[in-house]
Amino acid sequence: MQKILVGIKRVVDYNVRVRVKPDGSGVVTDGVKMSVNPFDEIALEEALRIRERGEPVEIVAVSIGPDEAQQQLRTALAMGADRAILIKTDQMIEPLAAAKLMLEIIKKENPELVIVGKQAIDDDSAQTGPMIAALWGRPQATFCSKLDLKGNTAVILREVDAGLETIEIDLPAVISADLRLNEPRYVKLPDIMKAKKKPLEVIDVASLGVNTTPGFKTLLTEPPKPRAKGVMVKDVAELVDALKKKGLVS
Amino acid sequence: MSKVLVIGEHDGHKLSQATARCVTCASQIPGAEITIAVFAADPTAVAAQAAALAGVSHVVTVSGAHHAHPMGAVLAPHVVSLAKGYTHVFGASTTFGKDLMPRVAALLDVPQISDAMSVEGAYTFKRPIYAGNAIVTLEAPADKILVATVRTASFEPAAAGGSAAITAATVTVESPTHTRFVSVQAASSDRPDLTSAAKVVSGGRALGSKENFELIFKIAEKLGGAVGASRAAVDAGYAPNELQVGQTGKIIAPQLYMAVGISGAIQHLTGIKDAKTIVAINKDGEAPIFEVADFGLVGDLFEIPPQLEAALSK
């Protein structure tokens, strides 16, 4: 194996409580902490572990987003990616357009594996991985929680609703990382210094010749309906009584 | 007129309740004519169940040995070849639907709506983003096939009482061989299914051990309910992955949801917001789970669960 591409999305940090703008035009992102999508960190960690097991593989981190997404790519480089590519755009990119842009990078780089997070925690779409695989005409292993490379194939354990599914796929392929694939490493200060010297290429989105016009119009962004305030009970007896009154226990 | 193709989800014998919920979503599109597609090694039994759902006009079956264990990469070209002539193609937001539908959408070169939670018009839907902290209303182009996954917790299952015509279709696309099913290790099926159970008892990491988590199973048994778990409890090895409830696990809407030792991170709350009644039991009275609970009880997690189990025995 020679090359792995890893998708890195810049998203509002996991710990931020996202608020909707009062005019319904979107969510507040100004002055909010931004991070690498947690599932993408898992995707990158898996690539790093493949390399550490002795595969002489180059790991390329790819992001699509504004200039500031260079920060997240620097984090990826500090974690251990060899180089990074930013497809620069200030526009909102839907998953289908993201997949088409990734495909352009795939055509140039010819990786054996593309690893992405199973979903981004901002739009929660969970589409980009399978869409890349579809456009590329290659296998997809979504919700991957274990990855074993065996020459030109991979055996994948997938977290599915029924339990755990095992599939075998031919390479090249797209993997989408689930929570329990691994636990990403912490970045150390010397690695952050080293990452500053690693190559980070910025490509203007227009140069890739992909139509990135959104397919959907977002008419409104609103907060969810709150639940009515509940009551506190003092003990188990009172709880069971309350549930009996509602007919929920007999 | 809207012609909606719903991809039937099943285990080879039984149609998933998730599909019945998709039918309800589809039926809210004004003037929708609904077809369920059943891909299976032998679709007979599942097709009969699909045909019996109220509101379904047609059932289309596609049989073939390669449909015995459906995988998105193999199934998608078959779905695409059926999709022509439909205005909408729907699947459930299950791991099956999430694997399949984006691949279908990309092959059709159309964007997808994930987790549709309400129908505002034939091409206008609401969906949650940021773990349910915001809801967006999206309008899709009316001149393209709309591919969507349906957030099943937002819709009741379609009732019985239908009698749709069943027709066998022949799909002549080649099946990719680059993706091969090996095996599935399924959970024991003697317990109610988490996504469709009327009552769910969930445990968190605050229970402290796998042994203590056993009490969650006992309480669920007394209630005749399913067992769920927080991500932390699954990560700690107290419960298997398929029991995880939340943003990255299962989104559920039971009549009764009982959270024991779960603090209530937003990622968990998004998975339970549609439960009719939420009970929270936690040692920390400040835990965010109490903000969404209908009934809250603060107490020791070594004392309360056994008491609850005993109280339910009477």
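Just the heavy atoms: all of them, side chains too, but no hydrogens, waters or symmetry mates, feed the values below. In what follows, every chain begins at residue 1, and chains take the letters A, B, ... in the order their sequences are listed. These figures come from a predicted structure and were not determined experimentally.
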Could you tell me which portion of [X] (side chain, backbone, both or neither) has an atom closer than 4.5 angstrom to a non-hydrogen atom of chain A?
| X | value |
| --- | --- |
| B:P240 | neither |
| B:P77 | neither |
| B:D109 | both |
| B:I266 | side chain |
| B:M71 | side chain |
| B:I278 | both |
| B:L146 | side chain |
| B:L138 | both |
| B:A293 | backbone |
| B:K276 | backbone |
| B:M117 | neither |
| B:L243 | neither |
| B:T124 | side chain |
| B:E303 | neither |

Taking a cut-off of under 4.5 angstrom between non-hydrogen atoms, the residues of residues 248-255 of chain B near chain A are B:T248, B:K250, B:Q255
Expected contact set for residues 159-168 of chain A against chain B at heavy-atom separation under 4.5 Å reads A:E159, A:V160, A:D161, A:A162, A:G163, A:L164, A:E165, A:T166, A:I167, A:E168
- Message: Using a 4.5 Å heavy-atom cutoff, which residues in residues 25-40 of chain A come close to chain B?
- Response: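 Only A:V27, A:T29, A:F39 of residues 25-40 of chain A have a heavy atom under 4.5 Å from chain B.
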Note: vs chain A, highest number of non-hydrogen pairs under 4.5 angstrom among B:I129, B:V279, B:V136, B:D99 is B:D99
Turns out that what part of A:P95 lies under 4.5 Å from chain B's heavy atoms comes down to neither
- Item | Between A:T142 and A:S176: side-chain donor-acceptor atoms closer than 3.5 Å |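 No.
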| field | Pick from A:L135, A:V233, A:V240 with the largest number of heavy-atom pairs that fall under 4.5 Å of chain B | value |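 So the answer, after comparing A:L135, A:V233, A:V240, is A:V233.
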The salt bridge (Lys or Arg N to Asp or Glu O under 4.0 Å) partners of B:K199 (sequence neighbours excluded) come to none
